[in-house]
Amino acid sequence: MSDLTKEIQYIKGVGPNRVKLLNNLNIFTLKDLITYYPRDYEDRSKPVKIEDLEDGKEALIAAIPVAKMNETRIRNRKMVIYKLIVEDETGRAILTWYNQSYLKNRFKVGEIYHFFGKVKKVQNRIEMLSPVFDEETKNKNTGKIIPIYPLTYNLSQNVLRGIIENAITLVNNKLPETLPKYILDDYKLLGANEAIKKIHFPENFEEFEKARKRLVFEELLGMQLALLNLKNAYESDNNGIQFSKDVKMSDVINTLPFKLTKAQLRVLEEIDKDMESDKNMNRLLQGDVGSGKTAVSIIASYKAVKCGYQVAIMAPTAILASQHLESFKEMLDKFGITCELLVSSITKKKKEEILERLRDGKIDILIGTHALLEENVIFNKLGLVVTDEQHRFGVKQRTTIVEKGQNPDVLVMTATPIPRTLALILYGDLDISIIDELPPNRKKIETYAVRKNMEERVNNFIRKQITEGRQAYIVCPLVEENEDMEGLQSVIELAERYQKETFSEYKVAYLHGKMKPKEKDEIMERFKNGEIQILIATTVIEVGVNVPNSSIMVVENAERFGLAQLHQLRGRVGRGEYQSYCILKYEGNSETIKQRMKVMCDTNDGFIISEKDLELRGSGDFFGTEQHGLPEFKIANLFEDIAVLKKVQRLALKIMEDDPLLEKEKNAKLNNLVKEKFSSRIEI
Ligand code: ADP
Ligand code: MG
């Protein structure tokens, strides 16, 4: 059996430099390497006739060089162009490479080679740029299905593929089986060895499908069992705090300047019941941005404090935490409740003072970021934990904060509306409450989908709004890790261009995820104060900022975002008294893109949008689930694999009913699977 924890430096083909590059991809061990799954595959197994080549597509040809390689030096530019003319029985093509001097004498006239590359067709001229190739009888770069991996800079597909090939050879037929035999049989799944080998190097697409099916099944089953395991653990425990029935939520509700919505009242009733029972509350509160979740959490916190307990509120960013602080103080100061903020940027002295008062029970509600998780944050009597998971904090972090109290009640808030069926599965460990109603008198955010050629009109509209005193956001996409630079470029470039030319009379600034937190906070602060009129940003602004004066959200290349994410972005405006607008600039003509844009223009309801998102998501235009605040998977795709997910959920429930602690011999492997989920770097 091979040691899967073996560090990658011991694998053939991995030197110190490549260790670093692989670490960037979160690959540290042999196991990480063999479970670094391809993001796509290229069929380089069947040659196409030259006359059938299509412009812009990648293809494989089997062809014969008709003359020696032609070499052209471009003067003043250190560039040499190599051209090779090849033919098959249907036509000729010109192959072009740049600066690859070793190719000069590589090909023999009259012999057959395989070439694979992107086709460029201009009238009758057919070209292929920098194709990879093999002798007819070799199958190194061609002749098979080739896996394509997500990459990082300076690491090529060929190199990574070679390394993974070595790793697979190393573990060949030696991987321990991770699923019980009865499950493999019942669901006709491939064994672990077969699956790992075939997911990287399938002989045909049928093999790939089988391998993927097995790995998706395993990944989702592990998640489901882990979640059910958590739920069991909470529920077996009847030592939850029983908050007093004598403390009435209505006492604070009656002081509010507004009337709670029906949905808020219903949800509060559910929470109140949980709090008063001796069962631990583990509740998910789902609701659109602005639906009044924070208000609900403030009311629950009031009850906890008046019953003699402390409350921890954990937010994903410092900006959000300080916004929460403001809202809490506004509603609770008058009751003599003390709220404090703990974020990493406060001074050491201030921090020490806060920690001391917290230990002494002089702070009732502590609001903060991950800083709350630190070991020296000690509560006197923590009774309620609220986590605001714009993007899922993850079970582990939640557990850390919960352990700072004695079975405190837990309320998890999320503004990512996901369809109820999906929520029930993904948050299988939690009870679910939904606020499906916005407070009355909210102005609908007017949404328009426009083409690039409308840019001038859009800009005039922005100008008009700014003249009236408003502010604008412009968001550019940042799609994949390896497109990072492109995304950043467009933010910085657009900001420069707009500042110099289009909007030179205003202050334009930019914001992106690679900036230091301090820089980001500073820009946000200046935007909030109105010193900046136009903020150009990547999706970093998606997370909860509140600038009521901003009334326009422009999204560039809106077709590249998931609907749920567009909805989140749109939620950044319309937070004040002003009519607000969302302008989606999009490209592309596909029906799906048009439909997606239409959904956004037609409705402001996050739940409807998330249902549509699920419906309209073809495998062709897949966006990472990461953008939805859902858990990340190595191979499963919630949108494509929903059927498997449902099947797996039924299986997991059946297994846990029969063997809640997974103690039976036949479930030993499942027990390991669950343990591994809890220890893995990837959150369930
Ligand atoms: P969320 O946390 O869901 O984004 P908040 O609780 O922050 O929403 O509410 C958004 C804004 O609406 C806040 O200014 C809040 O005071 C206000 N608000 C909350 N509930 C109501 C309501 N029922 N009627 C009117 N305004 C409300
Ligand atoms: Mg309770």
Side-chain angles (χ1 to χ4, degrees), residues 249-250 252-271 283-303 311 313-317 319-335 339 341 365 367-369 384-393 411-418 423 432-445 528 541-551 553 564-565 567-578 580 604-607 609-610 629:
M249 288 184 172
S250 54
V252 59
I253 293 173
N254 289 336
T255 69
L256 296 179
F258 46 76
K259 233 176 108 214
L260 291 181
T261 61
K262 276 205 214 85
Q264 281 171 313
L265 287 168
R266 186 186 63 233
V267 162
L268 276 167
E269 214 169 289
E270 291 164 351
I271 293 172
R283 188 167 284 282
L284 175 73
L285 178 53
Q286 247 200 308
D288 229 330
V289 187
S291 61
K293 294 182 297 298
T294 309
V296 164
S297 72
I298 296 174
I299 296 163
S301 301
Y302 165 86
K303 170 141 185 159
V311 179
I313 313 280
M314 204 154 97
T317 64
I319 298 176
L320 260 184
S322 67
Q323 272 171 207
H324 281 335
L325 180 75
E326 276 171 42
S327 316
F328 272 73
K329 284 172 89 71
E330 199 178 303
M331 280 166 64
L332 298 181
D333 270 355
K334 52 181 157 303
F335 294 99
C339 305
L341 184 69
I365 301 180
I367 301 171
T369 52
L384 175 66
V385 170
V386 179
T387 63
D388 182 359
E389 305 187 3
Q390 227 85 14
H391 288 272
R392 227 183 130 115
F393 265 118
L411 185 65
V412 177
M413 302 197 291
T414 170
T416 309
I418 51 177
I432 297 180
S433 291
I434 295 180
I435 305 185
D436 50 5
E437 178 186 2
L438 289 183
N441 307 327
R442 282 284 153 79
K443 288 197 186 78
K444 182 172 182 286
I445 300 165
K528 239 177 151 168
I541 56 137
E542 182 187 339
V543 181
V545 288
N546 190 16
V547 183
N549 189 49
S550 55
S551 64
M553 166 62 67
Q565 198 183 21
H567 181 65
Q568 291 281 326
L569 288 169
R570 179 166 61 184
R572 297 304 107 216
V573 296
R575 311 194 123 226
E577 62 205 273
Y578 311 107
S580 296
N604 271 247
D605 183 326
F607 286 99
I609 288 172
S610 75

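Counting starts at 1 for both ligands and their atoms, in listed order.
No side-chain donor-acceptor contact under 3.5 Å links S327 and E330. H567 and D288 form a side-chain donor-acceptor contact under 3.5 Å, judged by distance and modelled atom types alone.
Counting only residues at least two apart or in different chains, salt bridge (charged side-chain N to carboxylate O under 4.0 Å, His left out) contacts with residues 257-271 comprise R266-D436, E270-R283.
When all heavy atoms are compared, the tightest approach of V252 to T255 is O-OG1, 2.8 Å.
Near ligand 1, residues F258, K259, L260, T261, Q264, D288, V289, G290, S291, G292, K293, T294, A295, P439, R442 each place a heavy atom inside the 4.0 Å sphere around the ligand atoms.
With sequence neighbours excluded, the residues forming a side chain to side chain donor-acceptor pair (under 3.5 Å) with K303 are D272, E276, listed by chain and number. In this structure S551 satisfies the side chain to side chain donor-acceptor pair (under 3.5 Å) test together with Q465, sequence neighbours excluded.
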